[in-house]
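Here is the structure we will look at.
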Amino acid sequence: MEGFVAIIALFIALPWIVLHYITRWKTAATITTDDEVLLDELYQLAKRLDERMDTVERLVASDNADFQPAKLIADQETDNQKLRELDRLFAEKKGLRQ
């Protein structure tokens with residue numbers, strides 16, 4: 001009887017547990033389409049906010065000659081580099097879908 005239980009555990013229970021957790025791992029590691037839509041919306045919002053900050057900095061700089069932005073400098077390449085990299089990644093991803 002012990003041998004029968006050992007065979008059942010070895011050939012049925014153990015593979016079932018392993019396959020169950022492999023399936024869970026694969027489904028948890030993927031990003032859903034809802035998550036992709038949310039990320040795209042957040043990215044578009046970040047781009048609009050970056051453009052608004054550039055506009056505000058230009059307006060304040062035109063009114064006050066002594067104004068120096070602490071971190072962001074309007075139209076500076078290093079300021080917008082991360083957004084351009086994201087633009088490139090989104091374009092590549094859309095190209096792969098089509």
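Because the structure is a prediction, the values reported are computed rather than measured. Residues take their numbers from the sequence shown, with the count starting at 1.
- Connection of Leu10 to Ile7 is established within a shared hydrophobic cluster, with ILVMFWY side chains joined at heavy-atom distances below 4.5 Å, either directly or through further cluster members.
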Less than 3.5 Å apart, which donor and acceptor atoms pair up between the side chains of residues 20-29 and the rest of the protein, not counting sequence neighbours?
| unit_1 | atom_1 | unit_2 | atom_2 | d |
| --- | --- | --- | --- | --- |
| Thr23 | OG1 | Leu19 | O | 2.8 |
| Thr27 | OG1 | Thr23 | O | 3.2 |
| Thr27 | OG1 | Arg24 | O | 3.1 |

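- Distance CZ/Arg48 to CE/Met53: 15.5 Å, rounded to 0.5 Å.
- Here the straight-line distance linking atom CD of Gln44 with atom CG of Leu86 works out to 10.5 Å at 0.5 Å rounding.
- Members clustered with Leu49: Leu45, by chain and number, using a 4.5 Å side-chain heavy-atom cutoff among hydrophobic residues.
- Residues passing the salt bridge (charged side-chain N to carboxylate O under 4.0 Å, His left out) test with Arg88, sequence neighbours excluded: Glu85, Glu92.
- To the nearest 0.5 Å, atom CG of residue Asp40 and atom OG1 of residue Thr33 are 12.5 Å apart.
- Residues forming a side chain to side chain contact (heavy atoms under 4.5 Å, CB included) with Asp34 (at least two apart in sequence, or on another chain): Thr32.
- Put simply, the side chain of Glu2 does not reach to within 4.5 Å of the side chain of Val5, judged on heavy atoms.
- Residues passing the side chain to side chain contact (heavy atoms under 4.5 Å, CB included) test with Asn64 are Asp66, Phe67, sequence neighbours excluded.
- The side chain to side chain contact (heavy atoms under 4.5 Å, CB included) test applied to Leu59 returns Thr55, not counting sequence neighbours.
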